[in-house]
Number of protein chains: 2
Amino acid sequence: MRPYSSRLPLGITMIGTQVAKVVESRNDKYSPGDLVVSNFGWVTHTISDGFQRWGDKDGPVLKLDPAVHSSPSTALGVLGMPGATSYFGFLEICKPKEGETLVVNAAAGAVGSLVGQIAKLKGCRVVGFAGSDAKVKYMLGLGFDAAYNYKKVESLDAAIKESCPNGVDLFFDNVGGEFFEVTLSNMNEFGHVSICGAISLYNATEKPKFGSVSDVILFKQLKVEGFIVSRWLEQWPKAFKEISGWIQEGKVKYDEHITEGFENMFEAFTGLFTGDNTGKAVVKI
Amino acid sequence: MRPYSSRLPLGITMIGTQVAKVVESRNDKYSPGDLVVSNFGWVTHTISDGFQRWGDKDGPVLKLDPAVHSSPSTALGVLGMPGATSYFGFLEICKPKEGETLVVNAAAGAVGSLVGQIAKLKGCRVVGFAGSDAKVKYMLGLGFDAAYNYKKVESLDAAIKESCPNGVDLFFDNVGGEFFEVTLSNMNEFGHVSICGAISLYNATEKPKFGSVSDVILFKQLKVEGFIVSRWLEQWPKAFKEISGWIQEGKVKYDEHITEGFENMFEAFTGLFTGDNTGKAVVKI
């Protein structure tokens, strides 16, 4: 939301995804009482034509599937857009192989925590970074092999070298900036980098400068790819089905950070930049 | 040679590829008088076991093929390692489609000039950058759609915007640094970047800083890959055969910058960093 919001004109409805209950319907596909999920934005009520747009992609407003969505809020997190982000962004771009080492940051959040768990399911060594000691505990509880509070490490480089004695094969980046530069310099030849976010840069008023990476990408023969999850929009339900199975088998855990009240939406949002949440930040209204 | 040479211990034979004539042979595959090409280094005479090593790859010392190599020196350039670099680095990583726009730099050199010509054969719009007005003329003579002397442009960004009105789809980078940063910021969504070199950085004593690129790669959903041509070592002969066909049909031209005398090798080499050569720099001894 943050990078897109800075491109929105003042006064427009803030973007965002919500689970909503159908109150009235002239569309055969939806009946009053149905729970649906769509990117309606920060609003209490919506008139919808049954479609949601993600960039230049159109998809139907999805009805929650009780067999998949154990609780409605999961359609916003682990079984929603963030879940699809973790699933496709990691599997399609990192292309993990058993025994490889993954570094993932913002790793106690909705996306990072699931990426790390999927990587464990695929037989990878997983090293997570997040911004508090409680989050370190959370990551270790998810089965990560090593976890760091990046605010307390003396050197990011030293932490990566310590926890990845055989180098980094896969990197799932939610942070960008210095984290991107330092992790790349610790990668193995033919490593895969999936760029999902760059949260360290979103609030920068002046673009900070970093060491060159093109020479690192060159000599390590890295593949680096950025993605926006809407490119796989048609395939999201496939991801939800598989992730839901993992949850039911107890192989994947998720957390939600719930804020009550529409009037607290802004605070819930800005909390993302101070590291308030573990798991998906959800506002309940 | 430049980036690898800085990792070599003092006093070791400088690396490099040469065409050599077999003087004596105890190997059935090679007879006195045969012309061969291999990475023997900067030496006048070599004892060879018939293999050449590129990183962790082994390949045979190649005999020149008179049907392919119209002159021996082509085995060092357009029909040698640099030719394979252009061919695989562009086709396998940029994956060009007809109508796409390519930016290539160091584009009057052995690799860049061939990349631009292959791109024209594939129906791309080609914009080349090099370091002199004579090179601009050379690039336009090769059929490039636009060509710039980067030393004379007021702004690299403005030059790219002027010559790529529909944005940049493909970028073949030999230069790195600022060029990498500026071109990325002009790329279209889902663009492909092949990183072949970073010559602007090789002689830097302190690592210069540049604007972050991870956020650009993210929001444009770019694929960026670095490569070293030895990864396709087994397939090099396939490239040479196809490029040789293009040369015979008059579709591809090449230039060589010839320096006479073993004692002038160093000068020929350092000339690469002052922009002396157009096409492949060859030393004839």
Side-chain angles (χ1 to χ4, degrees), chain A residues 2-4 6-7 55-56 85 89 92-93 105 171 173-185 187 189-204 206-232, chain B residues 2-4 6-7 55-56 85 89 92-93 105 171-185 187 189-202 204 206-232:
Chain A
R2 177 67 189 91
Y4 294 102
S6 41
R7 301 176 204 167
D56 57 355
T85 300
E92 296 293 319
I93 295 181
N105 49 30
F171 175 31
D173 189 18
N174 290 305
V175 171
E178 190 198 345
F179 215 116
F180 182 71
E181 184 194 340
V182 173
T183 310
L184 254 61
S185 71
M187 291 199 71
E189 207 180 20
F190 295 112
H192 295 169
V193 179
S194 179
I195 305 182
C196 173
I199 199 167
S200 70
L201 304 170
Y202 295 158
N203 286 333
E206 217 169 302
K207 213 172 165 171
K209 301 241 171 197
F210 303 96
S212 146
V213 292
S214 84
D215 48 341
V216 180
I217 297 171
L218 165 58
F219 291 111
K220 292 176 183 281
Q221 305 198 57
L222 305 180
K223 256 189 199 171
V224 180
E225 187 170 349
F227 74 93
I228 295 170
V229 68
S230 52
R231 72 159 89 162
W232 296 288
Chain B
R2 178 66 189 92
Y4 294 102
S6 42
R7 301 176 205 167
D56 57 354
T85 300
E92 297 291 320
I93 295 181
N105 50 29
F171 175 31
F172 191 97
D173 189 17
N174 290 304
V175 170
E178 190 199 345
F179 214 116
F180 182 71
E181 184 194 341
V182 172
T183 309
L184 254 61
S185 72
M187 291 198 71
E189 207 178 20
F190 296 113
H192 295 167
V193 179
S194 179
I195 305 182
C196 173
I199 197 165
S200 70
L201 304 169
Y202 295 158
E206 218 169 302
K207 214 173 164 172
K209 301 242 171 196
F210 303 96
S212 147
V213 292
S214 84
D215 48 341
V216 180
I217 297 171
L218 165 57
F219 291 111
K220 292 176 183 283
Q221 305 199 56
L222 305 180
K223 257 189 197 170
V224 180
E225 187 170 349
F227 74 93
I228 294 170
V229 67
S230 51
R231 74 159 88 162
W232 296 288

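Labels below follow one simple rule: chain letters A, B, ... track the order of the sequence lines, proteins then strands, and each chain is numbered from 1. In what follows, every heavy atom counts, from backbone to side chain, and hydrogens, waters and symmetry copies are set aside.
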Per-residue contact mode, V193(B) against chain A (heavy atom under 4.5 angstrom) = neither
key: Residues from residues 207-215 of chain B approaching chain A under 4.5 Å (heavy atoms)   = K207(B), P208(B), K209(B), F210(B), G211(B), S212(B), V213(B), S214(B), D215(B)
ask   = For the atom pair NZ (K220(A)) and CD1 (I195(B)), what is the distance rounded to the nearest 0.5 Å?
value = 13.5 Å
ask   = Under a 4.5 Å heavy-atom cut-off, does chain A meet the side chain of F227(B), its backbone, both or neither?
value = both
query = Top residue by heavy-atom pair count (under 4.5 Å) with chain A, among S194(B), C196(B), G176(B)?
reply = C196(B)
task = Rounded to the nearest 0.5 Å, what's the gap from CD1 on I217(A) to CZ on F180(B)? Could you check?
result = 4.5 Å
key: Best-contacting candidate, E181(A), E178(A), R231(A), against chain B by heavy atom pairs under 4.5 angstrom   = R231(A)
remark   = Most contact-rich option vs chain B, by heavy-atom pairs under 4.5 angstrom, among G177(A), A204(A), P3(A), is P3(A)
ask   = Rounded to the nearest 0.5 Å, how far apart are CD of E225(A) and CG of L218(B)?
value = 11.0 Å
query = Given that the side chain runs from C-beta out, which part of F179(B) has a heavy atom under 4.5 Å from chain A: side chain, backbone, both or neither?
reply = neither
task = Give, as side chain, backbone, both or neither, the part of F219(B) having an atom under 4.5 angstrom from any heavy atom of chain A.
result = both
